[in-house]
There are 2 protein chains.
Amino acid sequence: MKNIPIASVERVAKYIRCLKHLQSKGEEIVSSKKLAEHTQVTPEQVRKDLSYFGKFGKTGTGYNIKKVVKRLSNILKGRKNWNVCIIGAGALGTALSRYQGFRDAGYNIVALFDKDPEKIGKKIGSAEVYDIKKFSDITKKKDIKLAIIAVPAESIEEVEEYIAKSQIKGVLNFVPVTLNFNTKRKIAIIEVDLAQKLYILSYLTKK
Amino acid sequence: MKNIPIASVERVAKYIRCLKHLQSKGEEIVSSKKLAEHTQVTPEQVRKDLSYFGKFGKTGTGYNIKKVVKRLSNILKGRKNWNVCIIGAGALGTALSRYQGFRDAGYNIVALFDKDPEKIGKKIGSAEVYDIKKFSDITKKKDIKLAIIAVPAESIEEVEEYIAKSQIKGVLNFVPVTLNFNTKRKIAIIEVDLAQKLYILSYLTKK
DNA sequence: GGCTGTGAAGGAATTCACAGCC
DNA sequence: GGCTGTGAATTCCTTCACAGCC
């Protein structure tokens, strides 16, 4: 397979979101032009992005929304839904565990972890808060491969160790610290730095 | 000024974060090599990114952390702190209003907005929840130019209208819908699609 | 006519390599 | 020796333009 630009992958995720939305409105067919309008890119970009992953459309007609959604989400997510955990049962972790968008996309929050005895054992939405010490055990038992980190910055090193010793394969990190797992197995990392977004936003408003 | 790649701006925000961290550890001078290690980029990239905004270092010596942080944050944020509001006082909006990282970076959450009478009038952290109907008035009175949107997807169109009619200049959008303000004045938009991040994460784990 | 898929062209961002400085 | 700043080279991504299809 050719090297697919990460930017293309990101846009494809956006297309899925948009196509699902159109689907919920009863639409069945969409053209690259229309999809482009809804996602703020150019039609050529849409076609090029999709072409990295195969042929999705009918010449002269457009794309069958249902089929494309299915194939694209198979590519990004695979056929099965994922079990996901959240580390840190504070305000942010709690809010994220209730976030409906994860479920809708096929990612189920099935556990939270914290070290505060006050929080351990509580139920948040449908998930329970577990002792972080049991991280490796419980993620194994529950078949969790993805983790969302939402702890205070001071605790990040501890968390890094727990993850390094576990079977976690991918991490979504809300803590404004660049992670550095020193493991042989590759752990995918995506950083979401919320303050950074505001820096960029204020910079953009001045242009 | 030359056209500065948005990716460079994003990395610069990351450098600020990292430099502040090093500063808090008592460091005073840093080389591009060291800064690069801490932020997972190459030293050349660090130097090139900084060079878009001016000359920051001393040849043969490195960068004076304090000075660089000050100049960079002036460039991205300006000299004054920003007042920011959050639209949507649900779980996510509430969590974001308590997020310490915003304050540390110089962005103060000074108001929330909601349409639920149950929520209006409550205090969350240091900010009050106001009726969304008063959006334009209160943002003007409190000198708010940036808004964070964290409402359910159904309410997004309503919110778009309120923003369009206000003086808001930049929007950080957590709602998985592509925004489309039909205003003449330019409103900067940054989208944070959390489900999209998980799509990409699961895709990356398969590579 | 309207549409997709794609090689080729063009443009943009990153990396290289080195001049100049401490 | 170690470091920054930067034009030049390279790599990567996007846009163009058109063949082929409905």
Side-chain angles (χ1 to χ4, degrees), chain A residues 1-16 18-19 22 27-72 75 200 203-204 207, chain B residues 1-16 18-19 22 27-72 75 200 203-204 207:
Chain A
M1 209 200 295
K2 267 173 298 186
N3 222 25
I4 300 171
I6 183 70
S8 288
V9 180
E10 286 176 9
R11 281 190 300 266
V12 164
K14 204 174 176 186
Y15 302 152
I16 294 177
C18 180
L19 290 169
L22 292 172
E27 312 246 346
E28 288 178 8
I29 302 288
V30 75
S31 67
S32 61
K33 196 180 161 208
K34 202 167 179 189
L35 180 53
E37 276 168 23
H38 279 90
T39 49
Q40 309 266 45
V41 300
T42 64
E44 303 82 42
Q45 184 81 79
V46 170
R47 298 202 297 275
K48 182 61 102 181
D49 286 338
L50 294 179
S51 79
Y52 286 119
F53 297 100
K55 300 189 183 188
F56 290 84
K58 262 210 178 68
T59 0
T61 314
Y63 300 92
N64 176 306
I65 295 180
K66 199 177 162 191
K67 278 189 189 168
V68 173
V69 167
K70 200 170 185 182
R71 276 182 61 197
L72 287 182
I75 289 166
I200 299 161
Y203 174 76
L204 291 175
K207 298 227 304 182
Chain B
M1 207 201 297
K2 268 175 298 187
N3 221 26
I4 300 172
I6 182 71
S8 288
V9 180
E10 286 176 8
R11 281 190 300 265
V12 164
K14 206 174 175 184
Y15 302 151
I16 294 178
C18 180
L19 290 169
L22 292 172
E27 312 246 346
E28 287 176 10
I29 302 288
V30 74
S31 67
S32 61
K33 196 182 162 208
K34 201 166 181 192
L35 181 52
E37 275 168 23
H38 279 89
T39 49
Q40 308 264 45
V41 301
T42 64
E44 303 82 39
Q45 185 81 79
V46 170
R47 299 202 298 275
K48 181 63 100 180
D49 286 338
L50 294 179
S51 79
Y52 286 119
F53 298 99
K55 299 189 182 190
F56 290 84
K58 260 210 181 70
T59 0
T61 315
Y63 301 92
N64 176 306
I65 295 180
K66 199 177 163 190
K67 278 189 191 168
V68 173
V69 166
K70 200 170 186 181
R71 276 183 62 198
L72 287 183
I75 289 165
I200 298 161
Y203 174 76
L204 291 175
K207 297 225 305 180

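Computed over heavy atoms, backbone and side chain alike; hydrogens, waters and symmetry mates excluded. First the proteins, then the strands, lettered A, B, ... as listed; each starts at 1.
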> What is the distance, rounded to the nearest whole Å, between atom CD1 of A:I6 and atom P of C:dA13?
17 Å

> Counting only heavy atoms not in A:E28, do more than 12 fall under 6.0 Å of its CD?
no

> Specify the separation, in whole Å, of atom CD of B:E10 and atom C1' of C:dT14.
15 Å

> Can you name the residues that form a side-chain hydrogen bond (donor to acceptor under 3.5 Å, both in side chains) with B:E10, not counting sequence neighbours?
none

> Using whole Å, what does the distance between atom P of nucleotide D:dT4 and atom NZ of B:K55 come to?
14 Å

> Please determine if a side-chain N or O atom of A:Y63 lies less than 4.0 Å away from the OP1 or OP2 oxygen of C:dG5.
yes

> To the nearest Å, how far apart are B:N3 CG and D:dC13 P?
19 Å

> Sequence neighbours left out, cut at 3.5 Å: what donor-acceptor pairs do the side chains of residues 53-70 of chain A make with other protein atoms?
unit_1	atom_1	unit_2	atom_2	d
A:N64	OD1	A:K66	N	3.1
A:N64	OD1	A:K67	N	3.0

> Keeping the roles fixed (side chain from B:T39, backbone from B:L35), state whether a donor-acceptor pair exists under 3.5 Å.
yes

> I want to check something: taking the side chain as every heavy atom from C-beta on, are B:I4 and A:Y203 in contact at a cut-off of under 4.5 Å?
yes

> NZ of A:K48 to OG of A:S32: how many Å apart, nearest 0.5 Å?
13.0 Å

> For A:K14, what residues pass the side-chain hydrogen bond (donor to acceptor under 3.5 Å, both in side chains) criterion, not counting sequence neighbours?
none

> Rounding to an integer number of Å, can you tell me how far A:Y52 OH sits from D:dT15 C1'?
11 Å

> What is the separation between atom CD1 on A:I29 and atom C1' on C:dC3, rounded to the nearest whole Å?
12 Å

> For the residue pair A:L50 and A:L72, establish whether any side-chain heavy-atom pair is separated by less than 4.5 Å.
yes

> Distances under 3.5 Å only, N/O to N/O: pair up the protein atoms with those of nucleotides 15-22 of chain C.
unit_1	atom_1	unit_2	atom_2	d
C:dT15	OP2	B:T42	OG1	3.4
C:dT15	OP2	B:Q45	OE1	3.2
C:dC22	O4'	B:T59	O	3.1

> For DNA chain C, which ranges pair as stems of 3 or more consecutive Watson-Crick or G-U pairs, with both donor-acceptor distances under 3.5 Å?
C:1-22 with D:1-22

> Could you check how far CG of A:L35 sits from C1' of C:dC3, rounded to whole Å?
14 Å

> Rounded to whole angstrom units, what separation is found between the CG atom of A:D49 and the P atom of C:dT6?
13 Å

> Only counting residues at least two apart or in another chain, list the ones meeting salt bridge (Lys or Arg N to Asp or Glu O under 4.0 Å) with A:E44.
none

